[in-house]
Engineer: 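Handing you this structure, nothing more for now.
Counting starts at 1 for both ligands and their atoms, in listed order. Numbering starts at 1 and runs along the sequence shown.
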Amino acid sequence: MIRRAAVSTVPNARYGRFITRKYRFDKERVMKIVINDDLCIACGECVDLCPKKILYIDESADKCRCRDEKKCDGLRGCEKVCPVEAIKIYDS
Ligand code: SF4
Ligand code: SF4
């Protein structure tokens, strides 16, 4: 498996500016998205931010959920905008 370093610039909604970070590019990489239901207040900040549109609010549980971890870009924008640190992204 070949891994290449890449540089990406992603918008940071909370601070209204762009952040630049290095990340490892690997098409086969699948991220693990963990949402702490005890902390999530279903504010929708991460849902609005997610560029892959894989996060949503489950109305019945009133909590955030992910519909497809395979599409996650792993840039952790959702982690940064969550006001209560309820969502975490891990390299699986
Ligand atoms: S890290 Fe994944 S779930 Fe979070 S905003 Fe990016 S694509 Fe969406
Ligand atoms: S930003 Fe945090 S609190 Fe708000 S819906 Fe997403 S995980 Fe839940």
Engineer: Do the side chains of Asp37 and Arg65 get close enough for a salt bridge, i.e. N-O under 4.0 angstrom?
Structural biologist: yes
Engineer: Atom NZ of residue position Lys71 - does it have more than 12 heavy atoms of other residues, nucleotides or ligands inside 6.0 Å?
Structural biologist: no
Engineer: Heavy atom under 4.0 Å from ligand 2: found in Leu39's side chain, backbone, both, or neither?
Structural biologist: neither
Engineer: Checking a contact table here: which protein heavy atom is nearest atom 2 (Fe) of ligand 1, and how many Å away?
Structural biologist: Cys72 SG, 2.3 Å
Engineer: Can you check whether Cys43 reaches Pro83 side chain to side chain, under 4.5 Å on heavy atoms?
Structural biologist: yes
Engineer: Are Ile57 and Leu49 joined in one hydrophobic group, where the rule is that I, L, V, M, F, W and Y side chains link up if heavy atoms are under 4.5 Å apart?
Structural biologist: no
Engineer: Could you find the nearest protein heavy atom to atom 3 (S) of ligand 2 and give me its residue, atom name and distance?
Structural biologist: Ile41 N, 3.4 Å
Engineer: Step through the shown structure and confirm whether more than 12 heavy atoms of other residues, nucleotides or ligands are within 6.0 Å of NZ on Lys88.
Structural biologist: yes
Engineer: Just heavy atoms, cut-off under 4.0 Å: does Arg76 contact ligand 1 by side chain, backbone, both, or neither?
Structural biologist: backbone
Engineer: With no hydrogens and no angle check, is any side-chain donor or acceptor of Lys52 less than 3.5 Å from a backbone partner on Asp73?
Structural biologist: no
Engineer: Could you tell me the residue and atom name of the protein heavy atom closest to atom 8 (Fe) of ligand 1, and the distance to it rounded to 0.1 Å?
Structural biologist: Cys50 SG, 2.4 Å
Engineer: Nearest to atom 6 (Fe) of ligand 2, what protein heavy atom do you find, and at what distance?
Structural biologist: Cys46 SG, 2.3 Å
Engineer: Please check if the side chain of Arg67 supplies one atom and the backbone of Tyr56 the other of a donor-acceptor pair under 3.5 Å.
Structural biologist: no
Engineer: With heavy atoms of Asp73 as the reference, note each atom of ligand 1 found under 4.0 Å away.
Structural biologist: 1 (S), 2 (Fe), 6 (Fe), 7 (S)
Engineer: Please verify whether a non-hydrogen atom of Val84 lies at under 4.0 Å from ligand 2.
Structural biologist: yes
Engineer: Hey, which atoms in ligand 1 end up nearer than 4.0 Å to a heavy atom of Lys52?
Structural biologist: 7 (S)
Engineer: Heavy atom to atom 4 (Fe) of ligand 2, shortest distance: which of Cys43, Cys82, Cys40, Pro83 holds it?
Structural biologist: Cys43
Engineer: Does Ile89 belong to the same Ile/Leu/Val/Met/Phe/Trp/Tyr cluster as Val47, with side-chain heavy atoms less than 4.5 Å apart forming each link?
Structural biologist: yes
Engineer: At under 4.0 Å between heavy atoms, which part of Ala42 makes contact with ligand 2: side chain, backbone, both or neither?
Structural biologist: backbone
Engineer: Okay, side chain of Glu69, backbone of Ile33: is any donor-acceptor separation there less than 3.5 Å?
Structural biologist: yes
Engineer: Which of the atoms in ligand 2, numbered in the order shown and given with their element, are less than 4.0 Å from a heavy-atom of Gly44?
Structural biologist: 4 (Fe), 5 (S)
Engineer: Give the atom numbers and elements of ligand 1 that come within less than 4.0 Å of a heavy atom of Cys78.
Structural biologist: 1 (S), 3 (S), 4 (Fe), 5 (S)
